[in-house]
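Below, all heavy atoms of this structure are taken into account, side chains as well, without hydrogens, waters or symmetry copies. Order of listing sets the numbers, starting from 1, for every ligand and every atom in it.
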Amino acid sequence: MSNVSAGELVAPTLAKSGVDCVFALNGGHIQSILEGCLDLGIRLIDVRHEAAAGHAAEGYAKATRGLGVAVVTAGPGFTNVLTSLANAFVDRTPVLYIAGGSPLSAADKNVLQSGFDQVAVAKPIAKWAHRIAAPTDIPRLITYAIRVATSAPTGPVFLEIPWDLMLAQVDKDQIVIPHAAHDSGCPPVPAKIDAALALLRGASAPAVIAGVEVYRSGAWSELRTFAESSGIPVFTEYEALGTLPCDHPLWMGTNFQLARLKPKHKPDVVLALGARFGWNTPRFETFSGKIIHVDSDPLEIGRVNMPTIGIVANPKGTLQLLQERSGARFPDWSAWTAQLREAVGMVRSEAAAAAASSGESHPHPFAAAEALNEAATDAVIVADGAFTKHWLEDAVRRNRPGCYFSHGSFGAMGIGFGLAMGVKAARPDEPVLCVTGDGAAGFTLAELDTMVRHKMPIVVVVMNNHSWGAIDPVQHPEGSNRPAGIRLGQARYDDIAKAFGGRGSHAKTVEEMKAAIKEAFASKQPTCINVEVGMGGLPPAFKAATLGISMAGLT
Ligand SMILES: Cc1ncc(C[n+]2csc(CCOP(=O)(O)OP(=O)(O)O)c2C)c(N)n1
């Protein structure tokens with residue numbers, strides 16, 4: 001017999017399913033988990049706010065196309081991580097959130113960090129949420145939670161482990177720790193594939209939308225093969241950038257650029273692969289063409305647009321079967337592709353024209369974004385902020401998959417530092433550039449300390465317009481000037497990085513910014529570059545976005 005506390009089973013259970021990195025902020029309730037991680041050599045990245053632990057676990061999951069894990073204490077630790085849980089839910093990111101909980105035996109006695117039902121709070125924003133009720137169940141339920149999170153359609157899971165369970169003694173020799181396998185979703189039904197091929201072959205102007213699940217299911221070589229053999233042009237969701245390299249002749253642009261095409265230039269049949277319709281596919285509620293929607297979640301098919309053909313299947317298997325059953329026989333769409341390329345070119349030039357005509361003394365955010373894209377061709381870019389992100393997303397090009405991450409339709413400002421830390425932890429040898437608005441940066445500035453302590457040489461670029469920029473035109477679209485809580489001060493974010501022991505530099509021109517980025521990557525130290533930028537006006541991508549409400553003067 002070898003007795004251990006049940007909390008000591010958590011780390012070996014995680015390790016058995018391949019977890020090698022955990023993001024956490026400590027607390028008495030979860031000590032045995034954190035110590036277990038140290039004992040087993042699981043990398044423990046301790047952050048300064050639980051929100052960052054959650055977002056870092058999201059970043060880790062996104063960068064690895066696997067599981068992220070965040071461990072937080074009971075009560076306020078749990079409430080602090082809720083934005084991340086909701087963001088992961090909306091993004092379908094597989095993250096395991098483990099929180100301590102008040103002792104089962106005293107849950108009703110107003111004990112420390114207690115007083116409400118954490119599982120009930122987590123349930124509507126988790127794929128599965130559960131309170132473990134018996135100490136010996138810890139390995140089984142953690143393994144099950146991992147399987148639920150990582151199986152298609154993926155999503156976040158939440159487990160509460162009450163404190164008295166954590167401390168209960170169990171006989172380790174009697175416990176078998178299982179291993180979590182995952183299901184990557186069903187293959188498509190061949191008859192549906194044949195119907196999809198018939199619809200595509202009858203189209204005069206077809207297009208593919210590569211959603212984020214094309215990246216997550218590792219289907220980029222299948223996408224390329226299918227695009228090249230069919231000649232169908234491809235648009236990508238932001239996180240799918242690089243699944244078809246942006247320098248490929250069949251890559252046309254992003255969904256937000258597709259949205260801005262004039263109706264006469266729009267496709268007549270769209271094959272949407274692993275994309276959730278909504279904010280990520282602007283202006284599709286009024287799309288008059290036909291849609292073939294492929295997704296592993298039946299709840300997504302027809303949610304916004306009723307497709308002509310809905311296929312519940314994973315994108316990888318679907319692309320393989322499309323290729324196989326097509327016999328590579330497709331009409332010649334080269335005239336349509338050439339016409340589309342020209343139309344997208346006009347759309348793309350809108351941002352450059354806005355930048356060129358700006359009368360502001362500080363660099364225009366699009367000019368800065370284009371320079372960033374060039375200065376960091378090989379980097380993984382993480383974007384936060386609002387206008388910052390929209391200008392950047394019109395400029396960004398990536399030629400390999402998994403190199404661009406940001407907040408999706410949840411639009412949570414302040415996730416950038418956390419996401420970037422998760423990406424860097426997952427891919428330590430790749431340069432990581434975090435581009436953020438000054439407002440968004442403020443949410444988790446203390447994470448510059450985490451980057452320094454954990455030797456994560458992330459380069460942070462703060463696009464400093466001294467404002468909550470995107471709210472400015474929302475607040476007074478008619479040009480009135482009564483800012484209600486949208487102006488920020490003259491903060492020097494570079495100095496904050498220095499105060500934590502990192503590097504900092506200040507740039508007033510695009511050239512200074514480019515030089516600072518080069519130096520920052522060469523230094524291999526966490527660096528914050530404070531870049532003075534102008535307000536820049538409304539980004540064209542923002543104008544294209546479907547906000548779900550009518551915003552006079554904006555869209
Ligand atoms: C957590 C959170 N709080 C508030 C908002 C509302 N919001 C949307 S955009 C925005 C302004 C962002 O400003 P900044 O990060 O400086 O980026 P900029 O638009 O200036 O590039 C705010 C506050 C939000 N989306 N998320």
Using a 4.0 Å cut-off to any heavy atom of [X], which atoms of ligand 1 qualify?
X    : answer
A470 : 9 (S), 19 (O)
N465 : 20 (O)
G437 : 14 (P), 15 (O), 16 (O), 17 (O)
F387 : 18 (P), 19 (O), 21 (O)

Output yes when K508 and E532 qualify as a salt bridge under the 4.0 Å nitrogen-oxygen rule, no when they do not. no
Any salt bridge linking E213 with R92? Criterion: basic side-chain nitrogen under 4.0 Å from a carboxylate oxygen. yes
Flag [X] as yes when one of its N or O atoms lies below 3.5 Å from any N or O atom of ligand 1, and as no otherwise.
X    : value
A412 : no
W468 : no
G439 : yes
I471 : no

Side-chain donor/acceptor of [X] to backbone N/O of [Y], under 3.5 Å:
X    : Y    : result
Q257 : T254 : yes
N373 : R397 : yes
K62  : E239 : no

Fit a plane to each ring of Y215 and W220, take the angle between them on a 0 to 90° scale, and name the class: parallel (under 30°), tilted (30 to 60°) or perpendicular (over 60°). parallel
Just need the protein heavy atom nearest to [atom], so name the residue and atom and give the distance.
atom                    : result
atom 17 (O) of ligand 1 : A386 N, 3.3 Å
atom 15 (O) of ligand 1 : A440 N, 2.7 Å
atom 3 (N) of ligand 1  : F443 CZ, 4.0 Å
atom 26 (N) of ligand 1 : M413 N, 3.3 Å

Determine whether the side chain, the backbone, both or neither of S467 has a heavy atom under 4.0 Å from any heavy atom of ligand 1. backbone
Residue portion contacting ligand 1 (non-hydrogen atoms closer than 4.0 Å) for L488: neither
Exercise: do N399 and H248 side chains pair donor with acceptor under 3.5 Å: no
Report yes if the side chains of N26 and D46 come closer than 4.5 Å at any heavy-atom pair, otherwise no. no
If you define the side chain from C-beta out and look only at heavy atoms, does anything of E160 sit under 4.5 Å from H130? no
Residue-ligand contact G411/ligand 1, heavy atom below 4.0 Å: yes
With F284, the ring pair (Phe, Tyr, Trp, His ring centres under 6.0 Å) member among F277, W279, F235, F256: F277
